[in-house]
Peer 1: 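One structure follows; several queries about it will come next.
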There are 2 protein chains.
Amino acid sequence: MTRALASRALEPTPLWLKLSSYLVLSDEEKLYLSDLERTIVREPPRTDLLQQGERYRDVRIMRDGWAIRHKALPDGRRQVVNFVLPGDLIGMYCTLFESADHSVTTLTAVEVASFPPERIGELFRSFPRLAAALAWSGAREEAIVAERLLSLGRRTALERTAHLIVELLRRLSIVNMATDGHFVLPVTQEILADALGLSIVHINRTLRRLRESGLIELNGQRITVNDVRQLASIGQFDELYLHLIRAPRRLERAFSAAHHHQNGARPDGDERAKA
Amino acid sequence: MTRALASRALEPTPLWLKLSSYLVLSDEEKLYLSDLERTIVREPPRTDLLQQGERYRDVRIMRDGWAIRHKALPDGRRQVVNFVLPGDLIGMYCTLFESADHSVTTLTAVEVASFPPERIGELFRSFPRLAAALAWSGAREEAIVAERLLSLGRRTALERTAHLIVELLRRLSIVNMATDGHFVLPVTQEILADALGLSIVHINRTLRRLRESGLIELNGQRITVNDVRQLASIGQFDELYLHLIRAPRRLERAFSAAHHHQNGARPDGDERAKA
DNA sequence: CGACTTCTTGAATGGACTCAACGGTGGTGG
DNA sequence: CCACCACCGTTGAGTCCATTCAAGAAGTCG
């Protein structure tokens, strides 16, 4: 490996930082990761990075900007599944499926890296720890979607809205995109409605209620949260599902504690059974 | 590896079959997989295999029976995130998180295998193809949750219900648990309501409408779908999201086509950029 | 056979939706 | 430079889908 590459590897990218919260990356892993982000593309707002039904495209890594992952019904009704923030992967596994079951559209100008899906095999074979960390972060994403499902299924409009605002505040503050309880939400009320399963009109009224009760302030796309505590309480927000706690580093342990498996199957443990 | 183990490996388990649809398993991989399912436990209905908030437990593999994955709000409202069927993993990544953000409860008597989370490291390091296939099947699960999110956000009660019935019919027929358009749904209307984000009363009325229009028949837990086509049309069901098509075997290709990556980062491709 | 859970149906309520209209803002071009 | 248009946000009024409340029927289990 050349010096030039090695020095380039030292710039930590959002993905780099995200995976670091799961395990301590070796220099080699950092190098490989930065190589995956070698090919960088900029896209304007309202660009489809991935389109529902589309056959194939490179895997993308969001480096800067916002996007939404969304699904549409044939008749046009639409649901925003999640917000894509820096460090998130786009179509990691979709490229291996026959075709994409969702779209990803930019909300702001973005900077994305991309690599061909063939490299996934390489990644899993040569960098198992990275592969595990990526799979893990995929599981974290699913947890977010599942929590949103709970919102749509069982929370009222007010609760849902409060919950989403607190979620975004927490997620953004990790990547230093929210300070002092305020952040930029580059989103129309229509998109908010599609994310929360509500009508535009009703989102508007719900935001007004939150504004009038003094919990939040809105000027343009800037949102200020005045009382996170109460907002979280309204939305019954429990940040457990975001899996932010990095303390145990269980993944790290799984790899270091593991007896290097060679060939057949010969681990420890006894054959217990329970009625 | 002993002969005894090798012979045991030859019984295909549901997980085995599921992963086979992504790639052709080698004998070694089959052997390892069957070793992961070595420790088998039986549990009665209404047992928690995993509990929201709980710190740690073994990874489970569902071998036989039904379970639900669900999340609850502090005030008791509940959302069923997904149905767990044979071949599905339980808590694969949760064991690596600090604590579980959802519960898994059996609906029927079940047979599950379990293995300690430390083996995940072993799996990723020694069986990259299996690891990729498992990550892939995790992505497929997320796709199902995302589709359910679309249901709760944008489909009416009737549409949602129709959609879920068709989904279960499709998923069950893959594992030979549905024949001739009928299957056993070991579920109360309360659970159905919690899965679809509706009240018990309304699910009852919705099922009645479907029954009265002749689309389905219900006797006890047995459900018969008389007109899949029309049911699918009501629910705007498009099976794309289930990712059942195994034809391309892209995963297989990603591994065989991949240039064995050795050390640093030196793949092909040019540094393009786009405005 | 009781006791419990589950299913079913009616009636009234309500949360969110649709329809509709108006105001603000920013971009475009005559 | 301002008229125009498109998009977005805001608000009112009426409607409807789904909920809650309530109570009885039908299973199910010890």
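Here the structure is a predicted model, which means the values were calculated and not measured.
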Peer 1: Among the nucleotides D:dC8, D:dT11, C:dT9, which one has an atom lying closest to any side-chain atom of B:Arg208?
Peer 2: C:dT9

Peer 1: Write down the distance between CG (B:Leu192) and P (C:dT5), rounded to a whole number of angstrom.
Peer 2: 20 Å

Peer 1: Describe, in one word, how the ring planes of B:Trp66 and B:Phe83 are oriented to each other, choosing from parallel (under 30°), tilted (30 to 60°) and perpendicular (over 60°).
Peer 2: perpendicular

Peer 1: Roughly, in whole Å, what's the span from CZ in A:Arg46 to C1' in D:dC8?
Peer 2: 10 Å

Peer 1: Send over the distance from B:Leu207 CG to C:dT9 P, rounded to a whole Å.
Peer 2: 11 Å

Peer 1: For B:Arg160 and D:dT19, give me the distance from atom CZ to atom C1', rounded to whole Å.
Peer 2: 13 Å

Peer 1: Over how many whole Å does the gap from B:Leu196 atom CG to D:dT19 atom P extend?
Peer 2: 10 Å

Peer 1: Select from A:Ile200 and B:Arg209 the residue whose nearest nucleotide in DNA chain D is closer to the 5' end of that strand.
Peer 2: A:Ile200

Peer 1: Counting side-chain heavy atoms from CB outward, which of D:dT19, C:dT18, D:dC8 is closest to B:His202?
Peer 2: D:dT19

Peer 1: Once you round it to whole Å, what is the distance between C1' of D:dA26 and CG of B:Leu218?
Peer 2: 15 Å

Peer 1: Looking at A:Ile200, A:Val80, A:Thr105, which hits side-chain contact (heavy atoms from CB on, under 4.5 Å) with A:Ile191?
Peer 2: A:Val80

Peer 1: What's B:Ser199 touching, base or sugar-phosphate or nothing? Going by heavy atoms closer than 4.0 Å.
Peer 2: base

Peer 1: Let me know, please, whether B:Arg205 or B:Glu190 comes out on the 5' side of the other along DNA chain C by nearest nucleotide.
Peer 2: B:Glu190

Peer 1: Of the listed nucleotides (C:dC17, C:dT8, D:dA18), which one gets closest to any side-chain atom of B:Gln189?
Peer 2: C:dT8

Peer 1: If you measure from CD on A:Glu217 to CZ on A:Arg211, what distance do you get to the nearest 0.5 Å?
Peer 2: 10.5 Å

Peer 1: Determine whether the aromatic ring centres of residues B:His163 and B:Tyr241 are separated by less than 6.0 angstrom.
Peer 2: yes

Peer 1: A:Gln221 has an atom CD; how far is it from atom C1' of D:dC8, in whole Å?
Peer 2: 11 Å

Peer 1: Measure from the side-chain heavy atoms of A:Asn204 and tell me the nearest of D:dT11, C:dG10, C:dA16.
Peer 2: D:dT11

Peer 1: Looking only at non-hydrogen atoms, find the nearest pair between A:Val145 and A:Arg69 and report the distance.
Peer 2: CG2-NH2, 3.7 Å

Peer 1: Of B:Val201 and A:Val187, whose nearest nucleotide on DNA chain D comes first from the 5' end?
Peer 2: A:Val187

Peer 1: Return the value, rounded to whole Å, for the distance between atom CZ of A:Arg211 and atom P of D:dG9.
Peer 2: 11 Å

Peer 1: What contact category does A:Gly220 fall into here, base, sugar-phosphate, or nothing, at under 4.0 angstrom with non-hydrogen atoms?
Peer 2: nothing

